[in-house]
Amino acid sequence: MTSKNLFFKLIWQDFKKRIWCPIIIFIVFLLSMEVPLLNSLDYMKRYPSNYSYDMKHYIANEFFSPDMNVIILFMTGIVAAVCAFSGYAYLHSRKQLDTFHSMPVKREVLFFARYLSGIFMFIIPFTLHILFCLFISLSNSAFSRHGLVNAIGFLGIQIVCFLLIYSLCIFVICLTGNMIISILGGCVLVGYSTILSAIKEALYETFFHTYVSSYGEQLWAFSPIGMLIKLYSKSYEYREQNIGFSYRSIIPYSCVILIAILVFTVISVLVYRKRATEAAGKPIAFGITEPFIKSIVVLPVSVLCGFFIRAMADSESFGWFVFGVIFGFLVFSLVMEVIFRLDIRCALYHWKQMIFNGVCLALIILIFKNDVLGYNTYVPKEQELDGCAVSINGLMTIYLEERTARNGYSYYDGTRYRFEHMNIIDNPSAMELARKAASDGLTMIEYDYYEGIEDTPEYQEILEQEENYRMVTFQFTKKNGNNIYRQYYIDISDEDTLSLLADIFDDPEYKLGAFPILTNGWKKEYSGIECISNDFRGEVLLSPERQARLLEAYQSDIKKLTLDDVMHVAPLGNIDFRLKGYSRYEYGGREEGYKIYPDFTATITLLKEYGFDFTDTLSENQVKKIIIEKYYDELTEDGNGQEMAVMVDTKFDDFIELEYTDQENIREILPNLVNHETLSGIYGWLTTINTDEDVTVYFDKNGVEMSNNYCFYTNEKPDFIESVFKEKLEEMIEERSSKE
């Protein structure tokens with residue numbers, strides 16, 4: 001009984017001694033909770049039309065949700081650090097340690113008395129604020145049972161966040177003997193796993209051309225910031241799919257954080273017990289850990305410095321990266337030594353360890369630079385896989401927009417959709433293409449741009465070499481449940497590569513996973529479609545019966561589509577589906593980019609029955625005028641002294657504009673035009689178009705003047721246009737020469 005009384009007495013004494021701490025905490029959360037809440041409720045009363053929800057929903061699902069109160073989370077982290085450092089600061093004072101350790105009390109009792117005292121300093125004022133906020137909601141008729149449940153969940157999650165940072169800071173204090181070193185160490189360890197993840201991402205993106213950053217393997221989150229980001233990301237994913245928010249979605253990962261808190265606390269107790277009184281005032285309490293601490297700080301910071309210097313130099317050069325790494329290594333190695341010795345004269349005191357760390361750093365850079373571990377060439381064996389998914393980038397791109405509870409609308413990435421819905425099993429071409437692409441090792445060459453680089457033979461050679469490069473992204477699903485992601489550049493001018501790609505595109509499993517309309521179309525209800533043909537656009541309303549017939553027709557047509565068709569046949573147009581519940585002009589709720597090809601006879605016939613004819617074209621009588629523009633880079637001279645114009649995509653200094661209103665000319669031009677809008681998603685693949693000129697056609701439709709933007713079919717441009725361009729170009733060159 002005496003020991004229990006002593007324990008609680010120690011807690012009470014520490015609480016009274018640090019009474020300033022809970023008072024400051026109370027004021028901080030008053031300003032960050034009640035004040036913003038009252039302001040928000042008052043604004044909602046005055047301007048209710050600005051909100052799509054009422055005050056009850058705001059209290060329950062916005063104010064008491066974790067991701068809407070990041071500021072409060074930040075305050076909680078600061079408060080946790082203050083409670084930890086103020087509670088255990090005596091470990092850095094030899095005089096105070098002598099006093100505490102001379103007491104007839106076990107060290108564990110002293111430790112946990114301070115530990116619990118610091119927790120109460122946070123929990124008591126924070127709980128009061130939660131109660132005050134609930135009272136405010138009750139007085140404003142905004143109280144609900146769901147709001148009460150989420151308030152309790154909010155309190156619980158903030159306590160978990162507090163304990164996570166609090167226990168780690170205590171561990172750092174026990175490990176060090178100097179307050180400045182403790183603060184620096186706390187700043188490093190709180191976000192250490194996040195820093196390592198960022199470095200890993202940068203290294204992979206820089207040295208591994210097959211790395212897919214959007215689906216990169218994340219490092220284990222063992223530090224507070226990484227854990228909290230993961231916790232809040234799970235909360236965000238849940239809110240994207242649900243109108244209301246429930247803390248049940250993050251309970252599983254909260255349990256993981258509780259285990260981490262327990263581990264940090266147990267380690268802190270063990271370190272506290274073994275910590276010598278003489279460690280007070282020293283930079284580190286356990287000298288044996290000094291080399292390890294130096295290494296885990298200097299190595300990642302040096303790599304970060306390399307990326308920083310390269311970014312400052314605005315260059316992709318590997319040399320700048322190496323210079324930055326060496327510079328960072330030397331500076332931080334010396335600084336760390338000075339910090340641990342507290343004497344600048346001891347900067348080279350442990351030169352052997354400095355050499356060891358330098359060798360380790362060089363090995364890391366060499367391993368990544370030369371891909372020693374074979375990351376770029378690795379392709380899983382087929383017997384290890386349950387299947388794979390393939391996303392052919394830029395080919396038949398589908399755009400999905402969906403309404404979400406959190407921020408209105410969300411764009412659903414087409415590659416992510418394919419990875420979630422595609423599983424190719426019995427097509428050997430998929431794995432053969434992956435192995436071939438990994439073996440070829442094609443990459444887009446990076447270079448530092450400078451004025452006039454377009455005129456160099458090296459640059460022209462690069463452009464010619466990369467003209468037929470296309471990116472293909474793979475997801476390999478292993479039997480153990482893990483996914484491996486790789487992206488490769490393939491050369492579609494290579495017949496074997498193109499044949500393998502065609503086999504994949506023609507695979508029913510590929511199309512089922514690549515086109516949402518083939519699988520999810522039956523699960524949704526569409527109100528209509530927007531039809532965009534080569535010359536016209538219109539809307540077709542859909543009833544359930546019409547939708548069923550259209551889906552059946554389109555699915556039968558698209559299953560017959562081949563890669564050869566996509567590359568050599570221009571589509572007649574697009575159809576964009578609109579989900580029921582969305583107005584025609586409302587953003588979101590759309591599935592866009594479904595092509596209509598000339599062979600889609602079932603779909604074309606059905607849509608004509610519904611009121612839109614994809615075979616309908618402009619006549620010369622409807623067209624008012626056609627304007628053709630061609631842009632040129634600087635006019636230069638070739639090696640023979642003959643003036644020439646070089647087309648590039650990055651800079652235009654001169655252009656020629658032609659205008660045609662004569663019906664005979666219009667009649668010759670119209671059949672050779674392809675609408676730009678119908679080519680979205682296949683520009684880089686269609687070989688039968690020429691984008692050198694921009695063609696604008698102004699025409700009359702039902703008494704309204706309209707216009708469309710076109711380009712020419714390759715080799716289908718009327719000869720008289722090219723001759724006029726040539727004449728105009730010669731005039732432009734002659735005029736330029738006379739001025740000079």
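Below, each value reflects all heavy atoms present in this structure, side chains not excepted, and no hydrogens, waters or symmetry copies.
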Note: [X]-[Y] ion pair, threshold 4.0 Å (strictly below):
{"X": "R537", "Y": "E530", "value": "yes"}
{"X": "K728", "Y": "E657", "value": "no"}
{"X": "K726", "Y": "E731", "value": "no"}
{"X": "K511", "Y": "D507", "value": "no"}
{"X": "E693", "Y": "K717", "value": "yes"}
{"X": "D494", "Y": "K436", "value": "yes"}

Rounded to the nearest 0.5 Å, what's the gap from [atom1] on [X] to [atom2] on [Y]? Could you check?
{"X": "D564", "Y": "T562", "atom1": "CG", "atom2": "OG1", "answer": "5.0 Å"}
{"X": "N534", "Y": "T615", "atom1": "CG", "atom2": "OG1", "answer": "11.5 Å"}
{"X": "Y526", "Y": "F577", "atom1": "OH", "atom2": "CZ", "answer": "6.5 Å"}
{"X": "L658", "Y": "F720", "atom1": "CG", "atom2": "CZ", "answer": "9.5 Å"}
{"X": "L442", "Y": "Q465", "atom1": "CG", "atom2": "CD", "answer": "8.0 Å"}

Just one of Y710, Y683, F712 clears the side-chain contact (heavy atoms from CB on, under 4.5 Å) bar with I689, so which one?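 Per the side-chain contact (heavy atoms from CB on, under 4.5 Å) rule, the option paired with I689 is Y683, out of Y710, Y683, F712.
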Going by side-chain contact (heavy atoms from CB on, under 4.5 Å), name the residues that satisfy it together with N39, two or more places apart in sequence or in a different chain.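 Applying side-chain contact (heavy atoms from CB on, under 4.5 Å) to N39 gives none.
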Could you tell me if the ring centre of Y610 sits under 6.0 Å from that of F612?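 When the ring centroids of Y610 and F612 are compared, they turn out to be at least 6.0 Å apart.
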Before we go on, tell me: are the rings of F614 and F600 under 6.0 Å apart, centre to centre?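 Centroid separation for F614 and F600: 6.0 Å or greater.
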Indicate yes or no for a side-chain donor-acceptor contact from E705 to the backbone of D700 under 3.5 Å, with no hydrogens or angles considered. no
T473 and its side chain to side chain donor-acceptor pair (under 3.5 Å) partner, picked from N393, T210, T415: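 Checked N393, T210, T415 against T473; only one passes side chain to side chain donor-acceptor pair (under 3.5 Å): N393.
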Salt bridge (Lys or Arg N to Asp or Glu O under 4.0 Å) between E591 and R578: does it pass, once the steps are laid out? CA-CA 7 Å; E591 295 184 13; R578 185 175 67 253; over 6 Å; no
Are K630 and F725 in a cation-pi contact, defined as NZ or CZ under 6.0 Å from the six-membered ring centre and within 45° of the axis? yes
Check for me whether K624 meets the cation-pi criterion with Y698, that is, NZ or CZ under 6.0 Å from the six-membered ring centre and within 45 degrees of the ring axis. no
Could you list the donor-acceptor pairs under 3.5 angstrom formed by side chains in residues 667-674, with sequence neighbours left out?
| from | atom 1 | to | atom 2 | distance (Å) |
| --- | --- | --- | --- | --- |
| R667 | NE | E620 | OE2 | 3.2 |
| N672 | ND2 | E668 | O | 2.8 |
| N672 | ND2 | E716 | O | 3.1 |

Going by the rule ring pair (Phe, Tyr, Trp, His ring centres under 6.0 Å), which residues pair with F474 if we only count those two or more places apart in sequence or in a different chain?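 So F474 forms a ring pair (Phe, Tyr, Trp, His ring centres under 6.0 Å) with F476, Y488.
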